Protein chains: 2
Amino acid sequence: MKKGHQVTMKEIAKKLGVSVSTVSRALKDSPELHEETKKRIVELAKEMNYQPNLLAQSLRISKTKTLGVIVPEITSHFFASCISGIQDGANRRGYNVMICQSNESIELEMSNIKTLVASQVDALLISLSRETNHYEHLDDLYQREIPFVLFDRVYEVMPVTKVTFNDQGGAYQVTKHLLETGCRRVMYVSGPEDLYISKKRKEGYTQALEEFGIKPDPKLIKVTDLTLEKNIEVAQEIIDMDERPDGVFCMIDPVAVDVLTHWKSQGIKVPEDMALAGFTNNPTSAVVEPPLTTVSQPGYEMGKLAVNHLLDQLEGLASDEPISIVLETTLVPRKSTRINS
Amino acid sequence: MKKGHQVTMKEIAKKLGVSVSTVSRALKDSPELHEETKKRIVELAKEMNYQPNLLAQSLRISKTKTLGVIVPEITSHFFASCISGIQDGANRRGYNVMICQSNESIELEMSNIKTLVASQVDALLISLSRETNHYEHLDDLYQREIPFVLFDRVYEVMPVTKVTFNDQGGAYQVTKHLLETGCRRVMYVSGPEDLYISKKRKEGYTQALEEFGIKPDPKLIKVTDLTLEKNIEVAQEIIDMDERPDGVFCMIDPVAVDVLTHWKSQGIKVPEDMALAGFTNNPTSAVVEPPLTTVSQPGYEMGKLAVNHLLDQLEGLASDEPISIVLETTLVPRKSTRINS
DNA sequence: ATGAAAGCGCTAACAA
DNA sequence: TTGTTAGCGCTTTCAT
């Protein structure tokens, strides 16, 4: 399959009997040109449907006006929202975006970085894979002074700009909500314990308990690997407990949805038997029965903020000093938690 | 924010006292080199962490090994799945992918095409925006011999490769299912009538009715613009009908979910009062109460097929003749339709 | 087996 | 006001 020919400056120049530089100047509206020539060139360019070759341009000025984005999973609604925010923010400022997904694999994450760097992206926005537990590839970027920011799934000690949610605060809010609506034995269903968000949300959970004078009970913490099977296993374990909790806070909505589904199949009533809450505000959480109390994390905003700050830095509008941007979350109370009065 | 320096062939050449061409040859493992020189070069390159500048390479060989993708909405689960399939397929064959979303706007669609073409992508995969009702921008691509395929939202008469689902077949399946489970007054809730899928699914709906000897009744067709408000309005109109349908097939899941939610709030029981079915098999359709009967469209497969055929064409493994690939859908019966026996 | 040179399409310093 | 020249990093003939 052949590819059609693209009009170049050279051709325009030849047709008009001027030099390529004149064409170049005319096309970027340089003031030092004769109005007449400029007009002729611009008109012919339009007529011939000239499109600049961004490749050549980038090579020449060593800037691609392209950003690389790496997310763990494009099909996750949250990350899709982030991407959407990044795209919109980038486009508005004349930048393009190359998106890669790591599929939660550190290998792919590293190879994604490699190709994006080879493609000469001006900077990167990265959300780390679940598997990522060593950070040479990030160190390498840092070493080579390739600008990047981390968002949502960050490596805390990396001295670059990081954009995160106040996970602890969100977990605090939702746990407090459970306590305020009458729960006294609140359980936390955590994801893998080395995950940043697992830890942070646990901290918020503990904080709320302590504020209510409740001593955290290790029996009231369960861990899932986030697979459907394990989620169901955990759901069943909760049913089987001698002393069941009266409220359960799951680290992310999908876990809560799986738990809910299993419970319903086992005749457990939510919130009457046990209250249930999630985190993230996925679309599904709103449509399950009963609708799930959760914590909303605006991914679109996160993406937009991250890209805007990155571009501010790139373009010298903001200091290069790495900063940490923390977005607040909001509690979304729904029927899966008791509306006590 | 400055960007770090990248090692070039020139530097390697200088360090080793050889020419750039020799380095180039060594790095692509040309057979006509002295083994010894080759080894020295390759080793030094690795040591210096040399990464080829894809920009320069692309400019030279006029191939970027990059594909452009345009989807209406990245946050839609279906399109995210398509993208995922496209990415995986492309990466496996050494290609990168630049993704854009049109936000269902023809303006953005056109400008996306423009930037992708300017970025010299080797080919495009496009799913048209809802707004797209004229096609000069596609004609233009065609004229300029820039390879592209259309997927899911296609322009039927365009002589390029198109990948679609058997929408008519899917609609037929689900309507037939409604009829087989006892419905006799089956309604079709359509999206905007100029949409390709609105039409195709209506055809399948009509076909099933006719097969059951039922004459299509214009009163049993309603149209929504797919907004929440209009969906609810339609849901209420159905409730208010003198002669209600006993089964409703909505063109896409989100509509069905909105209808279901509204009905539940009005005390309508599904499927007892009316059966309900959707199309697409969105994640939400599985978790609503009752779970929604729907038709599954594997987006990942669609993306993979589309990209593989495109690359086959690009690389001469398949004929350039445009073909039409039609994927079959599968009925996913759930509790929102009566399980009659 | 290796090097010199040209050129991909563009920009920009320097000349004129 | 415009042209000439060099060069971004790479590949690829053509010499040697």
Side-chain angles (χ1 to χ4, degrees), chain A residues 2-42 44-45 48-66 115 117-122 144, chain B residues 2-42 44-45 48-66 115 117-122 144:
Chain A
K2 64 233 148 153
K3 186 145 152 237
H5 176 70
Q6 307 261 97
V7 179
T8 68
M9 289 190 172
K10 205 169 159 186
E11 301 175 52
I12 299 181
K14 194 148 98 194
K15 277 216 179 180
L16 254 36
V18 296
S19 79
V20 182
S21 12
T22 305
V23 176
S24 172
R25 279 188 275 252
L27 260 24
K28 36 179 35 75
D29 202 27
S30 157
E32 48 185 6
L33 272 203
H34 197 62
E35 274 306 325
E36 181 56 27
T37 354
K38 198 190 286 184
K39 215 180 110 195
R40 276 169 55 221
I41 294 174
V42 171
L44 182 60
M48 294 178 74
N49 195 12
Y50 169 78
Q51 302 276 95
N53 183 328
L54 257 38
L55 235 52
Q57 202 166 318
S58 302
L59 180 61
R60 182 59 240 256
I61 66 178
S62 13
K63 267 193 191 146
T64 53
K65 290 257 186 181
T66 299
T115 20
V117 169
S119 302
Q120 310 295 116
V121 293
D122 290 344
R144 296 163 71 185
Chain B
K2 64 232 146 156
K3 182 138 158 248
H5 176 70
Q6 307 261 96
V7 180
T8 67
M9 289 188 171
K10 204 167 159 187
E11 300 175 50
I12 298 180
K14 194 147 100 196
K15 278 216 180 179
L16 254 36
V18 297
S19 78
V20 183
S21 6
T22 306
V23 176
S24 173
R25 281 189 271 251
L27 260 23
K28 36 180 35 78
D29 202 27
S30 156
E32 48 185 4
L33 272 202
H34 197 60
E35 274 305 325
E36 180 56 26
T37 348
K38 199 190 284 184
K39 215 179 110 194
R40 277 168 57 221
I41 294 174
V42 171
L44 182 60
M48 293 177 75
N49 194 14
Y50 168 79
Q51 302 275 94
N53 183 327
L54 258 39
L55 236 51
Q57 203 166 318
S58 302
L59 181 61
R60 183 57 239 256
I61 65 178
S62 10
K63 267 195 192 145
T64 52
K65 289 254 184 185
T66 298
T115 20
V117 169
S119 301
Q120 310 295 118
V121 293
D122 290 344
R144 296 162 69 185

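The shown structure was predicted, so the numbers you read here are calculated from the model rather than taken from an experiment. Numbered from 1 within each chain, the chains take letters A, B, ... in sequence-line order.
Residue B:N49 holds its CG atom at 9.0 Å from CD of B:Q6, rounded to the nearest 0.5 Å. In this structure, the separation between CZ on A:R40 and CG on A:L33 is 11.5 Å, given to the nearest 0.5 Å. Here the straight-line distance linking atom CZ of B:R144 with atom CD of A:Q51 works out to 5.0 Å at 0.5 Å rounding.
Take the nearest nucleotide of DNA chain D for B:M9 and for A:P31: the residue whose nucleotide is more 5' is A:P31. Comparing B:L33 and A:P52 against DNA chain C, the residue whose closest nucleotide sits nearer the 5' end is B:L33.
Nucleotide C:dG3 holds its C1' atom 15 Å from the CG atom of B:L16, rounded to whole Å. C:dC8 atom P lies 11 Å from atom CD of A:E11, rounded to whole Å. Distance B:N53 CG to D:dG7 P: 18 Å, rounded to the nearest Å. One can place NZ of B:K38 at 17 Å from C1' of C:dG3, the figure rounded to the nearest angstrom. In this entry the distance linking CG of A:L59 with P of D:dC10 reads 9 Å, nearest Å. Atom CD of A:Q51 is separated from atom P of C:dG9 by 15 Å (rounded to the nearest Å). Distance B:K65 NZ to D:dC10 C1': 16 Å, rounded to the nearest Å. To the nearest angstrom, C1' of D:dT1 lies 13 Å from CD of A:E36.
A donor-acceptor contact shorter than 3.5 Å links the side chain of B:K38 to the backbone of B:S30. No side-chain donor-acceptor contact under 3.5 Å links A:S24 to the backbone of A:V20.
Counting heavy atoms from C-beta outward, A:N53 and B:L59 have side chains that approach closer than 4.5 Å. By the 4.5 Å heavy-atom criterion applied to side chains, B:K15 and B:M48 are counted as neighbours.
Listed by residue number, the members of residues 18-30 of chain A with any heavy atom below 4.0 angstrom from DNA chain C are A:V20, A:S21, A:S24, A:R25, A:K28.
The nucleotide whose nearest atom lies closest to any side-chain atom of A:T8 is, among D:dG9, C:dT2, C:dG9, C:dG9. Checking C:dA12, C:dG9, D:dT12 against every side-chain atom of A:I61, the shortest atom distance belongs to C:dA12. For B:H34, whose side chain is taken as the heavy atoms from C-beta onward, the closest listed nucleotide among C:dC10, C:dT2, D:dC10 is C:dT2.
Within the 4.0 Å cut-off from OP1 or OP2 of C:dC8, not a single side-chain nitrogen or oxygen of B:S58 is found. Side-chain N/O atoms of A:Y50 include none lying less than 4.0 angstrom from OP1 or OP2 on C:dG9.
Using a 4.0 Å heavy-atom criterion, one finds that A:Q57 contacts the sugar-phosphate atoms exclusively.
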